[in-house]
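Read the structure below first, then the notes.
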Amino acid sequence: MSEVRLRFAPSPTGYLHVGGARTALFNWLLARKLKGRFILRIEDTDVARSTQESVDAILQGMEWLGLDWDEGPFFQSDNFPLYREHVEKLLSEGKAYRCYCTPEELEAKREKALAEGRKPKYDGTCRNLTEEIPGKPFAVRFKAPKDGVTAFDDLIKGPISFNNEELDDLIIQRSDGTPTYNFTVVIDDASMQVTTVIRGDDHVNNTPRQILLYEALGYPVPKFAHVPMILGADKTRLSKRHGATSVMAYRDMGFLPEAMVNYLVRLGWSHGDQEIFSLEELIEKFSIENVGKSAGVFNPDKLLWLNHHYINESAPDQLAELLIPFLKEREVDPEGGPSLPAVVKTLQERSHTLLEMADGAVFYFRSDFDYDPEAVAKFLKPDVAPRYEALLAKLDSLNEFTHDAIEAAFKELCADQGIKMGQIGPPVRVALCGGTTSPSIYEVIEVLGKEETRKRITRALDSVRGG
RNA sequence: GGUCCCAUCGUCUAGCGGUUAGGACACCGGCCUUUCACGUCGGUAACAGGGGUUCAAGUCCCCUUGGGAUCACCA
């Protein structure tokens, strides 16, 4: 019984956001590193706010990132009898009690306490009631100790302790009979034998209450690791104002999951000076001890840099597959033109995202594009006509239509005509792609092929001649 | 406000008593060059403040300041 068991337990009230994804990733990495089990559990006790769409979105996000789970997904809503059983147990042992205070009464007390500068803590009105009040709705409260200290050694933050007098008697079962979060999370983690709880540090204040519950129930207390939150550029909690927060939105913006994983893991964790990690390396090198204690700012520029790195490293065939949806969005049919992997190859080192790559690829598949007016004014002057003609002739004479042969042809042409590359390159680029930005024209010509290249240069030639 | 947590370049971070405080992103220059980008070379830039402990403190302790989390019949 030395196997580590970790879990990711999101509540299905929205998509998988980057913070949750990082928490899931840390859990997954540790499970894989220690050859333990990774459990996925959906915390849907709040029936009103939980949706199936959210469950699907979370699963989809996990899959995109490559975070597979060994057990689950489990749903808390399937465990209600189990929770009820535990409530009964605590009740019968006198470790919990029925509270007949209404939410309205409690709210009034809370406001009064706040107004008088006291702590808004439950006053214990029903704590010592000896008899049940038949027919009156009640919630069940946990009878927490009034003194003493509850402490734990957080794997990330170190020793943390709370005076029990700060904790009040929390509600473990609502008056409608449903259990509350702090209770279900304890029952589930205990019954699933979770050994290490890695979660967001917004939960540290819940931890002592949960420890008390573990102890009251007679379950072993797991280890805790609270990971710091992710902030936006202005150091406030990351939100939509800062850009996308859903991991799937990053896929849609043309990011690779490898980049996302690499970025997320390095936000808060480090291994010396290393920046680039394959998944295998992460599993080998990840350790919870090296996760930092302080919150981190999400830096889109660095994500972009990593994404470029992974685009550059990826096989053109695979990128081509991933690029297709982006091309279709631009109403480009990749079937009808040059080889997509060949196109991809010319764009890899100059693309930070697949979206950028798609934008750069469009011209390959359209021959009827408009010329950029500025480029026309600058490069499509009458004196390029003879150069276009010479180029056409030169290309016709080529035995093999390869990058190197094409480059050689341009060199010869420059020598023949006594011109520099700068006098022929830009006009050719405009002819081929309509603007002044593109991959190397040798590559473009090779990928386009002789026939299409001819067509485009001829078209530009006509244009220059005023036709 | 109570409780809890945090604090090294603009950002992510290395550092685990003795360092010219290192790397990465971004930024600024040079080079490369048919454009854009890539690449490459170089540069600007940080230990929040104050007390201790110690021969020696970015590293240990305390205080201050600043930031954050949390105080529900939400999770």
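Because the structure is a prediction, the values reported are computed rather than measured. Residue numbers start from 1 in every chain, and the chains themselves are labelled A, B, ... in the order their sequence lines are given, proteins ahead of strands.
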CD1 of A:I230 versus C1' of B:A69: gap in Å, rounded? 15 Å
With a cut-off of under 6.0 Å to the ring centre and 45° to the axis, is A:R459 in cation-pi contact with A:F369? yes
Same-atom distance (P) from B:G58 to B:G49, integer angstrom: 11 Å
Return yes if some donor-acceptor pair links the side-chain N/O of A:Q423 with the main-chain N/O of A:K420 below 3.5 Å, else return no. yes
Provide the distance between the two C1' atoms, one in B:C47 and one in B:G39, to the nearest whole Å. 33 Å
A:D202 CG to B:U3 C1', in whole Å, measures 16 Å
Grab the CD-P distance between A:Q173 and B:A72 for me, whole Å please. 20 Å
C1' gap between B:C73 and B:A69, integer Å: 23 Å
Quick check for you: among B:C38, B:C4, B:G1, whose closest atom lies nearest to any side-chain atom of A:N205? B:C4
Donor-acceptor pair (no angle test) under 3.5 Å: A:R350 side chain, B:C36 base: yes
Short N-O contact, A:K302 and A:E275, less than 4.0 angstrom: yes
A:F138 vs A:L231, nearer the 5' end of RNA chain B by closest nucleotide: A:L231
Which residue lies toward the 5' end of RNA chain B, A:Y100 or A:S294, if each is placed at its nearest nucleotide? A:S294
Side chain A:S11, main chain A:T13, donor-acceptor under 3.5 Å: no
Tell me if the side-chain of A:S438 makes a donor-acceptor pair with the base of B:U35, cut-off 3.5 Å, by modelled atom types. no
Which is true for A:S11 with a 4.0 Å heavy-atom rule: it touches a base, it touches only sugar-phosphate, or it touches nothing? sugar-phosphate
Please report, rounded to the nearest Å, how far the P atom of B:C25 is from the CG atom of A:N307. 15 Å
Whole-Å distance between B:C12 C1' and A:N299 CG? 7 Å
Under 4.5 Å between any side-chain heavy atoms of A:F26 and A:L264, yes or no? no
Presence of A:T45 side-chain N/O under 4.0 Å of B:A75 phosphate oxygens OP1/OP2: yes
Do the side-chain N or O atoms of A:K411 get closer than 4.0 angstrom to the phosphate oxygens (OP1, OP2) of B:U34? no
Distance check, C1' atoms only: B:U53 and B:C60, in whole angstrom units. 8 Å
Length of the CD1-P vector between A:I276 and B:U13, whole Å: 16 Å
If we take the P atom in both B:G50 and B:A57, what is their distance in whole Å? 14 Å
Can you find a donor-acceptor pair, distance only, under 3.5 Å between A:T180 side chain and B:C73 base? no
Does a nitrogen or oxygen in the side chain of A:K293 sit under 4.0 Å from OP1 or OP2 of B:C6? yes
CG of A:L432 versus C1' of B:C36: gap in Å, rounded? 15 Å
Would you state whether a donor and an acceptor, one from the side chain of A:E275 and one from the base of B:G23, lie under 3.5 Å apart? yes
When you measure from the side chain of A:T437, which nucleotide among B:C25, B:C36, B:U13 comes out closest? B:C36
Rounding to a whole Å, what distance do you find between A:R49:CZ and B:C73:C1'? 14 Å
Return no unless some side-chain N or O of A:R110 is found under 4.0 Å from OP1 or OP2 of B:A72. yes
Quote, to the nearest angstrom, the C1' distance that separates B:G52 from B:G17. 16 Å
Quick one: which of A:R127, A:K121, A:R141 gives a salt bridge (Lys or Arg N to Asp or Glu O under 4.0 Å) with A:D169? A:R127
